[in-house]
Amino acid sequence: MARTAKKAKAVTTTTAEDVAADENVLRIGEATADVVAALPAPESIAAETVDAQEAASASRSGMEILIPLDRLKKSPRNARKTPHSHETIETYAASIAAKGILQNLVVEPEFDAEGEATGFYFVTIGEGRRLAQALRAQRKEIEPTEPVRCVIDTENDAFEISLDENVSRTDLLPADQFEAFRELSKYRGWGAEEIAARFGVTAHVVKQRLRLGAVSPKLMQVYRDGGLNLDQLMAFAVTDDHARQEQVYDGLGYNREAYIIRRELTRTHVQANDRKAIFIGAEAYIDAGGTILRDLFTEDRGGYFEDAALVDRLVLEKLQNIAAELQATEGWKWAEVFIDYPHAHGLRRVYPQPVELSEGDLTARNAAQEEFDALTAEWESRDEDLPPDVDQRFAELEAEIERLDGLRHAYDPEEIAIAGVFVSLAYDGTARIERGFIRPEDEKLKPGADGVEDGETVIDGVRVNADGEVIEDAKGQGHGESCDSSGEVQEEEEGDAGQPVSDLLTRDLTAHRTLGLRLALGEQPDIALIAVTHALAAQTFYRGGEAHALEIRPASAYLASHADGIEDTAPAKLLSDRHAGWAGDMPQNIAELWGFIASLDQVSLMALFAHCASLTVNVVKQPWENKPQAQTTGNRLATALALDMRQHWTPTVRSYLGRVTKAHILAAVREAVGNEAAERIAGMKKLQMAEAGEQLLAGTEWLPPLLRTERPALLASEGADADALGSTAIGEADPQQAAGSDEDPDHEHAEVEGRDQPVFSEAAE
């Protein structure tokens with residue numbers, strides 16, 4: 001059977017001719033056969049169509065005939081009332097362009113009110129193919145008179161056979177479809193684009209089907225047998241390693257959710273948005289022979305770096321290059337490289353100290369500042385945007401001023417010669433450089449400090465001379481009464497008035513002095529503040545120096561043992577920078593610390609005190625601890641500080657949504673965005689729901705109850721702005737902006753009052 005002409009061309013839009021039913025169309029009766037015989041053959045294809053006499057003598061119904069496209073109409077008795085979709089017409093058009101019409105249309109002739117044939121035909125079966133050809137004709141791919149092979153059916157009821165066509169058929173099973181696409185790619189060498197053009201689908205859909213076709217035959221058979229659903233099969237398709245797919249399948253327990261399968265298959269991979277992948281970059285990884293795995297069925301944020309060992313090697317190599325450059329340019333004794341910063345290194349640290357700028361640097365600093373001030377004065381009064389060249393000049397001046405200001409602090413060259421640097425990977429995928437750490441064996445104390453003589457060193461609290469010999473120290477052994485082996489008191493020598501008094505008397509006298517100091521210090525708050533700050537700073541910034549007179553022992557909990565990665569977050573970096581700033585101002589000799597603190601102005605003194613005190617805060621709630629009053633105090637401290645955790649924490653899959661139940665995710669979305677948004681994701685799998693929840697909560701500033709802060713009573717009584725600190729708690733949603741309210745139906749990210757979540761029993765009071 002001859003096929004119609006084919007012209008492959010890109011498909012972009014669709015147009016469907018929709019012919020309304022003519023009220024005067026007659027029902028086809030027994031006279032139809034005679035009318036069909038009298039119908040003229042289309043002139044453009046007269047050679048291929050049967051003539052009227054031949055049609056009259058042949059069996060009328062079931063006869064094949066070529067009919068011009070512009071003589072075909074939509075049948076008013078077609079059982080399909082829902083129009084064909086845009087995508088469906090595009091698919092038909094692409095398929096016909098590549099392969100022609102593979103299945104004949106079924107038609108019946110049209111009659112006018114007098115029962116005469118009009119020369120047009122109603123398409124009973126094949127309306128989608130007719131619309132596809134009409135689309136191609138509109139695009140000038142074919143002529144409007146393009147012949148279409150049809151079968152005339154005047155015996156069956158048009159409505160019934162139209163219904164039969166759409167009901168009594170079986171689509172190709174998905175598994176067979178996936179493998180068939182795979183066969184086209186494997187044995188015919190067709191790429192995704194070519195297959196897409198021939199079957200009227202997008203290249204992305206073809207790639208998805210090719211990936212599904214590459215799933216292990218064993219798992220494909222399980223899918224055919226109903227042991228896996230499509231979501232689970234798509235999860236297995238994240239990798240084409242059949243052995244790994246089957247290994248994960250065999251190890252699945254009762255929970256076979258797609259996200260668990262995907263997680264197990266990519267457990268040894270590194271996501272492209274991981275800090276390691278960001279640090280080395282996809283290009284360097286691929287150049288080193290690595291491959292990136294893409295998940296075609298979910299948002300994979302750039303894919304997965306398959307070779308985790310290669311990623312680690314490339315990260316360490318890049319960090320080592322940075323460390324080597326630091327040693328060469330700055331002169332450090334050593335530089336160690338770690339992927340994760342070694343927080344528990346236990347080494348003493350020195351910081352840069354204030355130094356005077358050289359005359360040349362000072363001149364350059366003043367000149368840059370003068371030019372910056374002049375530009376600012378010139379442009380601040382103008383109501384216009386900065387020209388690109390002026391904006392660039394501002395940036396250059398700011399960078400130069402910052403560089404020269406950085407020269408105001410420098411490490412002591414002697415300390416650089418014995419100290420080292422840790423180079424690690426920061427939370428944001430950049431290199432983290434921490435300078436000024438001194439190993440115990442490199443410690444060198446200045447002569448005269450704490451009784452250390454020239455050439456001596458203190459190692460682990462023991463004085464050692466230049467030859468490595470331990471030096472005994474008889475100081476503090478006491479010079480008072482002594483007893484012989486029998487316990488009798490020996491006669492004392494007359495002694496020297498310059499000798500220290502006995503240990504017993506020393507304790508007695510210093511006890512009285514301690515009592516006097518306690519009484520006096522309690523009466524002078526300003527000196528008490530200096531003393532407390534000194535005690536805190538001495539233990540915060542100096543290692544092993546018992547220089548404080550107050551028995552105040554600041555303790556600082558190691559938060560990394562409670563929250564993985566917390567030390568590499570932006571808030572931790574801010575705290576570290578603040579600490580480094582104070583450490584750089586501390587005198588090198590702890591004996592000078594009191595004078596330094598006492599000389600501070602009130603604002604600086606309070607700031608130092610607050611910093612040292614802040615390091616002792618601990619409101620971590622351990623499951624075995626029962627300290628409700630401590631937690632209550634922590635809540636009150638947060639209220640007094642007006643702590644707003646929205647500035648430091650956001651709900652993500654990693655930080656929250658992937659670690660709670662689906663009910664908690666829905667509750668968070670419902671509270672922050674509204675019921676409609678929660679309903680949209682209610683039917684999703686856990687991982688997909690968590691990812692969707694992260695996108696919905698982005699920008700809403702929603703916080704879980706454990707991170708919310710009660711609004712200060714003073715602000716509440718004064719009716720402070722609810723948008724600034726929250727309605728009920730800082731970070732809690734405003735009940736006046738409930739999602740879907742009548743007052744504001746278009747508010748996309750409306751928030752509602754917090755709801756009870758039983759898992760959080762320690763919400764802010």
Side-chain angles (χ1 to χ4, degrees), residues 272-287 301-302 314-315 317-332 335 341 351-411 416 421 423-436 568-585 646-648 650 698-699 701:
N273 63 342
D274 184 87
R275 58 184 180 133
K276 297 179 184 178
I278 294 173
F279 182 61
I280 62 175
E283 184 176 350
Y285 171 73
I286 293 173
D287 290 343
R301 298 178 178 86
L314 293 176
V315 168
E317 288 177 356
K318 190 171 181 178
L319 290 174
Q320 286 166 353
N321 291 335
I322 295 173
E325 184 178 354
L326 282 173
Q327 274 192 279
T329 57
E330 300 182 13
W332 299 99
Y341 179 71
Y351 293 90
Q353 299 298 312
V355 296
E356 294 293 333
L357 289 179
S358 66
E359 185 176 348
D361 290 337
L362 185 59
T363 301
R365 170 67 170 77
N366 293 335
Q369 187 65 53
E370 289 175 3
E371 184 179 353
F372 184 88
D373 293 341
L375 278 176
T376 302
E378 178 183 353
W379 286 94
E380 67 181 356
S381 60
R382 299 189 185 185
D383 188 16
E384 57 181 299
D385 293 335
L386 291 177
D389 57 334
V390 176
D391 189 46
Q392 181 179 358
R393 184 55 183 163
F394 266 115
E396 293 172 353
L397 290 172
E398 288 175 348
E400 179 67 6
I401 292 172
E402 184 178 354
R403 183 188 69 83
L404 292 170
D405 283 343
L407 300 178
R408 295 183 185 274
H409 287 76
Y411 288 93
I416 291 179
V421 183
V423 181
S424 60
L425 192 58
Y427 71 97
D428 58 354
T430 59
R432 176 179 179 178
I433 301 172
E434 301 290 345
R435 300 172 173 85
D568 293 320
T569 60
K573 180 66 166 56
L574 291 174
L575 180 60
S576 176
D577 290 344
R578 189 177 75 191
H579 185 81
W582 276 113
D585 292 336
R646 294 175 296 185
Q647 301 175 10
H648 312 301
T650 54
E701 298 185 335

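Side-chain atoms of Thr329 come within 3.5 Å of backbone N or O of Glu325 as a donor-acceptor pair. Side chain of Lys318 to main chain of Phe279: a donor-acceptor pair is present (N/O by atom type, distance under 3.5 Å, no hydrogens or angles). Side-chain atoms of Arg275 come within 3.5 Å of backbone atoms of Leu425 as a donor-acceptor pair (strictly under, hydrogens ignored). Side chain of Asp361 to main chain of Leu357: no donor-acceptor pair is present (N/O by atom type, distance under 3.5 Å, no hydrogens or angles). Side-chain atoms of Glu380 do not come within 3.5 Å of backbone N or O of Glu378 as any donor-acceptor pair.
A donor-acceptor contact under 3.5 angstrom links the side chains of Gln369 and Asp373, judged on distance only.
Using a 4.0 Å cut-off between charged nitrogen and carboxylate oxygen, Lys573 and Asp577 count as a salt-bridge pair. A salt bridge links Glu330 with Arg435: the distance from a Lys NZ or Arg NE/NH1/NH2 to an Asp or Glu carboxylate oxygen falls below 4.0 Å.
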**Message:** Run Arg408 and Glu356 through side chain to side chain contact (heavy atoms under 4.5 Å, CB included) and show every step you take.
**Reply:** CA-CA 6 Å; Arg408 295 183 185 274; Glu356 294 293 333; 6.0 Å; no
**Request:** Evaluate the criterion side chain to side chain contact (heavy atoms under 4.5 Å, CB included) for residue pair Asp585 and His409; output intermediate values, then yes/no.
**Result:** CA-CA 9 Å; Asp585 292 336; His409 287 76; 3.8 Å; yes
**Asked** What's the verdict on side chain to side chain contact (heavy atoms under 4.5 Å, CB included) for Arg365 and Ile401, showing C-alpha distance, side-chain angles and the deciding distance?
**Response** CA-CA 6 Å; Arg365 170 67 170 77; Ile401 292 172; 3.6 Å; yes
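One finds the NE2 atom of His579 at 4.0 Å from the OH atom of Tyr351 (value rounded to the nearest 0.5 Å). Atom CG of residue Leu375 and atom CD of residue Glu370 lie 12.0 Å apart, to the nearest 0.5 angstrom. The OH atom of Tyr341 sits 5.5 Å away from the CZ atom of Arg432 when rounded to the nearest 0.5 Å. How far CG of Leu386 is from CG of Asp391: 5.5 Å, rounded to the nearest 0.5 Å. From Leu362, atom CG reaches atom CG of Leu407 across 11.0 Å, with rounding to the nearest 0.5 Å.
Summarising the geometry of Ala431 relative to Ile322, their closest heavy-atom pair is CB-CD1, 3.7 Å, with the distance given to 0.1 Å. When all heavy atoms are compared, the tightest approach of Ala272 to Ala277 is O-CB, 3.5 Å. Minimum interatomic distance between Gln353 and Gly584 (heavy atoms only, all atoms of both residues): OE1-O, 3.4 Å. Between Gly436 and Tyr411, the closest heavy-atom pair is CA-CE2, 4.1 Å. Of all heavy-atom pairs between Leu319 and Ser424, the closest is CD2-O, 3.6 Å. Summarising the geometry of Trp332 relative to Gln327, their closest heavy-atom pair is O-NE2, 3.4 Å, with the distance given to 0.1 Å.
Using a 4.5 Å heavy-atom threshold, the side chains of Asn366 and Thr363 count as separate.
Residues meeting the ring-ring contact (aromatic ring centres under 6.0 Å, His included) test with Phe394, sequence neighbours left out: Phe372. For Glu400, the side chain to side chain donor-acceptor pair (under 3.5 Å) partners two or more places apart in sequence, or in a different chain, are Arg403.
Within 6.0 Å of CG in Asp385 there are 12 or fewer heavy atoms belonging to other residues, nucleotides or ligands.
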